[in-house]
Amino acid sequence: MISNSEVASHLYELAKLTTLAEGNSNAFRVRAYETAARTIDGLVEPVAEMTAEQLTALRGVGPSTASKIRQLIDTGTIERLEELRSRFPPEFVELTTVPGIGPKTAVMLRDELGVTGVGGLRAALESHTLRELPGFGAKTEENILAALERLGVGGKQRRTPIIEAMRVAGDVCNALSQVPGVRLAEPMGSLRRFRETTGDVDVIVVSTGDPEAVMARFVEMPVVREVVGYGARKSAIVSASGLQIDVRVVEPHQYGSAAMYFTGSKAHNIRLRQMAIDRGWILNEYALAEADGGAVIASRTEQEVYAALGLPWISPEIREDAGEIEAALAGSLPDLVEEKHLRGDLHVHTSLSGDARDSLPTMVAAVAARGYRYCAITDHGEDLAINGASRQQLLAQRRSIQRLQVKHPDLVILQGLELNIGRGGSIDYDAEFLVGFGFGVASVHSHFGLSADQQTARVIAAMENPAVNVIGHLTGRRIGKRPGIDLDIGAILTAAERTGCALEINSHLDRLDAPAEVLRAAADRRGVVFAISTDAHDAGELANAAWGVRHARRGWVPKDRVVNTWAPARFLKWVEKKRRG
DNA sequence: GCCGTTTTCGGCCCGACTGTTTTCAGTCG
């Protein structure tokens with residue numbers, strides 16, 4: 001059965017190729033396909049089981065798109081898409097991934113110069129035939145060549161993992177905060193929405209001082225490889241690693257509308273601007289204002305702008321036009337989890353794990369310092385080569401924990417384990433030994449290449465094990481480095497509801513696992529609970545909980561479904577219930 | 001191609017920048 005995300009992919013491709021056919025990415029047909037794709041991407045019910053009539057009822061899906069979706073489900077292909085694919089083969093589509101080459105230019109290159117791919121483009125640039133075309137000149141030729149050298153093919157598509165983008169954005173914001181007159185420097189764009197990868201980094205600086213001082217400081221930063229734009233209020237650089245960073249300076253009174261504009265998503269903004277138009281207003285990065293005369297209605301804070309449009313403030317992590325505006329209008333936005341709600345960390349390593357760095361007393365003291373009420377110490381089980389703990393070490397750790405418990409009366413310290421899910425769903429040790437522990441996280445650390453059926457079966461077997469309270473980093477992915485294992489998410493969620501086993505929301509920026517789309521689907525299953533955990537390997541990593549919370553928010557996870565927001569009594573009752581089987 | 005508590009037809013988000021132009025087209029975010 002074809003999945004929703006596969007259907008959505010086909011529609012996105014249809015939109016992409018229609019852009020070339022229409023010569024404009026804002027063409028209504030393109031936008032219509034994109035809207036339909038987004039709707040289906042955010043849908044929990046499988047579209048493969050829907051009739052054309054049911055499909056038409058979805059937002060942004062009309063008769064034409066509905067019949068194309070049905071055609072895809074029934075025949076495995078869409079006639080119109082096949083037609084476009086043969087008109088625009090992949091080598092040609094690749095041309096439009098070169099910065100500066102849009103649909104119009106690509107088509108003209110082919111029609112006028114016979115350029116059908118990136119190789120042909122290079123040849124045309126080197127032989128200076130491009131400048132002969134109407135509307136083109138030497139400068140355009142130079143710019144495309146420079147863009148090709150700097151960002152290469154796919155420059156518009158290349159995305160940077162959030163861990164790297166967040167580090168660079170932090171450096172930039174810290175440096176710019178030091179400039180006199182600067183009140184605030186914050187990352188916006190997909191980074192603020194907490195997407196797992198970003199195309200570029202957008203930073204807004206609120207300043208009452210000289211904006212040019214901000215820019216002067218920015219382009220002098222060590223991270224700068226090349227300045228690609230320099231102005232008083234807007235500049236852009238490319239970093240040493242090839243990441244583009246845009247900085248814009250705004251006045252304090254523009255902060256709300258500017259933050260909304262630069263945070264996006266584009267689709268979310270379009271919906272808001274449409275709502276403004278319906279009221280006879282106009283919304284841009286400077287203000288929400290009257291269309292006639294331009295009297296400002298709201299601009300200072302995001303809350304004021306949303307309120308003027310009749311909406312509650314919408315959290316950046318869910319601004320994707322994936323149902324959040326409808327939910328806001330209906331007053332049914334989820335009560336999203338916040339960092340201050342956390343009362344414990346349920347995945348904490350100590351130096352007993354070969355890959356961790358701080359001792360048990362250090363980790364416990366750090367957990368207590370965060371004001372938590374409970375925690376689970378979860379070193380690696382013995383099946384993990386090199387990094388795992390032996391039975392004897394664990395028994396000694398148990399005595400240490402008992403002594404530390406006396407020192408920390410306000411913190412419940414559970415001795416747990418991070419167990420390894422074997423190829424067939426077994427876990428480390430034996431049932432008798434495991435009974436001595438108070439908590440269990442089970443994770444996949446091996447056999448990443450099994451089929452979806454095999455992976456699903458082994459994870460479900462672990463969920464059913466009474467020694468297991470949480471499934472750690474569900475897919476095992478490393479963002480930008482390693483894809484996650486193949487899983488039947490529907491079956492996993494059903495098992496999670498049945499067994500009461502929680503899904504971990506791993507806070508490490510390298511993981512953010514389970515992925516947001518899985519969390520969103522899980523959040524729709526009322527019986528699924530979550531644990532926001534850091535998987536900390538040293539005391540400093542306990543602060544990663546902030547990232548886990550933002551990732552959870554992106555997945556629409558409500559506060560009361562996160563077990564480590566619960567009061568100690570309720571939390572411990574939940575732990576015990578699962579362990580009794 | 002989709003949509004409608006003003007519409008079933010006539011609309012459909014906004015602005016900056018660039019390079020090529022004498023008023024604008026294309027690209028980008």
Side-chain angles (χ1 to χ4, degrees), chain A residues 11 14-15 18-39 55-69 80 95-109 130-144 146-147 151 155-157 188-190 193 198-204 228-236 244-248 254 257-258 260-289 291 294 309 321 329:
Chain A
L11 292 176
L14 198 53
T18 304
T19 296
L20 291 168
E22 303 254 349
N24 180 3
S25 63
N26 289 319
F28 306 124
R29 238 181 233 100
V30 175
R31 299 250 306 267
Y33 290 139
E34 284 173 348
T35 306
R38 255 198 326 280
T39 295
L55 288 167
T56 311
L58 299 172
R59 187 174 72 80
V61 180
S64 169
T65 306
S67 92
K68 288 184 175 69
I69 295 171
R80 173 72 184 153
L95 269 180
T96 66
T97 71
V98 175
I101 297 193
K104 285 260 167 53
T105 307
V107 169
M108 183 187 275
L109 286 172
L130 208 136
R131 64 176 66 170
E132 308 300 328
L133 296 177
F136 287 78
K139 188 69 185 162
T140 304
E141 218 171 61
E142 249 173 63
N143 287 348
I144 293 175
L151 297 167
K156 281 188 285 191
Q157 259 93 24
M188 297 283 146
S190 53
R193 299 202 311 280
T198 58
D200 63 359
V201 170
D202 286 304
V203 170
I204 277 195
V228 292
Y230 190 87
R233 298 207 158 263
K234 178 181 162 185
S235 295
Q244 177 157 338
I245 307 169
D246 294 347
V247 168
R248 331 234 174 177
Q254 300 169 327
S257 43
M260 287 170 70
Y261 174 82
F262 292 117
T263 298
S265 67
K266 184 179 155 195
H268 179 87
N269 284 349
I270 288 174
R271 292 292 302 281
L272 296 185
R273 289 187 200 129
Q274 187 60 56
M275 292 178 71
I277 290 170
D278 292 345
R279 289 163 169 76
W281 301 336
I282 187 162
L283 176 61
N284 57 29
E285 60 261 58
Y286 306 112
L288 176 65
L309 293 170
D321 189 27
L329 285 169

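Nothing here was measured: the structure is a model prediction, and the numbers come from that model. Naming convention: chains lettered A, B, ... in sequence-line order (proteins, then strands); numbering from 1 in each chain.
Toward the 5′ end of DNA chain B lies the nearest nucleotide of A:Asn269, the other residue of the pair A:Asn269 and A:Gly102 mapping further downstream. Mapping A:Arg31 and A:Arg59 onto DNA chain B via the closest heavy atom, the residue that lands nearer the 5' end is A:Arg59.
The CD-P distance, from A:Glu22 to B:dC2, rounds to 13 Å in whole Å. Atom-to-atom, CD of A:Glu142 to P of B:dT20 comes out at 10 Å; the value is rounded to the nearest Å. Atoms CD (A:Glu285) and P (B:dC28) sit 18 Å apart, rounded to a whole Å. Summarising the geometry, the separation between OH on A:Tyr261 and C1' on B:dG15 is reported as 6 Å, rounded to the nearest angstrom. Between A:Leu14 atom CG and B:dC2 atom C1' there is a gap of 15 Å when expressed in whole angstrom units. In this structure, CD1 of A:Ile270 is placed 10 Å from P of B:dC14, rounded to the nearest angstrom. Atom C1' of nucleotide B:dT27 and atom CD of A:Gln244 are separated by 13 Å, given to the nearest angstrom. Whole-Å rounding puts the A:Asn26 CG to B:dA25 C1' distance at 13 Å.
Using a 4.0 Å heavy-atom cutoff across all strands shown, A:Val30 reaches no nucleic acid atom at all. Using a 4.0 Å heavy-atom criterion, one finds that A:Ala66 contacts no nucleic acid atom at all. Within the 4.0 angstrom heavy-atom criterion, no nucleotide atom of any strand lies near A:Leu272. Counting non-hydrogen atoms under 4.0 angstrom, A:Leu11 reaches nothing in the nucleic acid. Residue-level contact check: A:Arg271 touches neither bases nor backbone, having no heavy atom under 4.0 Å from any strand. A:Asn143 comes within 4.0 angstrom of the backbone, heavy atoms only, and of no base. A:Pro99 comes within 4.0 angstrom of the backbone, heavy atoms only, and of no base. In this structure, A:Phe262 reaches neither bases nor backbone, as no heavy-atom distance under 4.0 Å exists between it and the strands shown. A:Thr105 comes within 4.0 angstrom of the backbone, heavy atoms only, and of no base.
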Is there a side chain to side chain contact (heavy atoms under 4.5 Å, CB included) between A:Ile282 and A:Ile277? Walk through the geometry before answering.
CA-CA 6 Å; A:Ile282 187 162; A:Ile277 290 170; over 6 Å; no
Applying side chain to side chain contact (heavy atoms under 4.5 Å, CB included), run through A:Leu329 and A:Met275 and close with a yes or a no.
CA-CA 11 Å; A:Leu329 285 169; A:Met275 292 178 71; 4.1 Å; yes
Is there a side chain to side chain contact (heavy atoms under 4.5 Å, CB included) between A:Val203 and A:Phe262? Walk through the geometry before answering.
CA-CA 8 Å; A:Val203 170; A:Phe262 292 117; over 6 Å; no
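For A:Arg29, the listed nucleotide lying nearest its side chain is B:dG1; candidates were B:dC17, B:dG19, B:dG1. Comparing atom distances between the A:Phe28 side chain and each of B:dG29, B:dG1, B:dC14 picks out B:dG1 as nearest. Side chain of A:Thr65, nearest nucleotide from B:dT27, B:dG1, B:dC12: B:dG1. Nearest to the side chain of A:Thr140, among B:dC2, B:dC12, B:dT20, sits B:dT20. Relative to the side chain of A:Asn284, the nucleotides B:dC14, B:dG1, B:dT27 differ in distance, and B:dC14 lies closest. In the set B:dT27, B:dG29, B:dC14, the nucleotide with an atom closest to the side chain of A:Ile277 is B:dC14.
The side chain of A:Lys266 places no N or O atom within less than 4.0 Å of a non-bridging phosphate oxygen (OP1 or OP2) of B:dG29. Considering only side-chain N and O atoms, A:Lys68 lies under 4.0 angstrom from the phosphate OP1 or OP2 of B:dG1.
Applying the 90° criterion around 0 to the glycosidic angle, B:dT6 comes out anti.
Rounded to a whole angstrom, the distance from the C1' atom of B:dT20 to that of B:dT27 is 14 Å. For the P atom pair drawn from B:dT8 and B:dC3, the interatomic distance equals 16 Å after rounding to whole Å. Rounded to whole Å, the separation between the C1' atoms of B:dT7 and B:dC12 comes to 13 Å. Rounded to a whole angstrom, the distance from the P atom of B:dC2 to that of B:dT6 is 24 Å. Across B:dT21 and B:dG26, the matching P atoms stand 13 Å from one another, rounded to whole Å. Remark: the separation of the P atoms in B:dT22 and B:dC17 is 22 Å, to the nearest Å. Taking atom P on both B:dG1 and B:dT5, the two are 23 Å apart, rounded to the nearest angstrom.
Donor-acceptor pairing under 3.5 Å, judged by distance alone, is absent between the side chain of A:Tyr33 and the base of B:dG1.
Of the nucleotides present, none pairs with B:dT8 by Watson-Crick or G-U wobble criteria with both distances under 3.5 Å.
Residues A:Ala66 and A:Thr56 approach most closely at CB-OG1, 3.6 Å, considering heavy atoms. Between A:Lys104 and A:Gly23, the shortest heavy-atom contact is NZ-O, 3.2 Å.
Remark: A:Asp321 engages A:Arg38 in a salt bridge, criterion side-chain N to carboxylate O under 4.0 Å.
Residue side chain A:Phe136 fails the stacking definition with respect to B:dT20, as its ring centre and the base's six-membered ring centre are not both under 5.5 angstrom apart and under 30 degrees in plane angle.
Without hydrogens or angle criteria, A:Ser257 side chain to A:Gln254 main chain gives a donor-acceptor distance under 3.5 Å.
Defined by atom type and a distance below 3.5 Å, a donor-acceptor pair is present between the side-chain atoms of A:Gln244 and A:Asp246.
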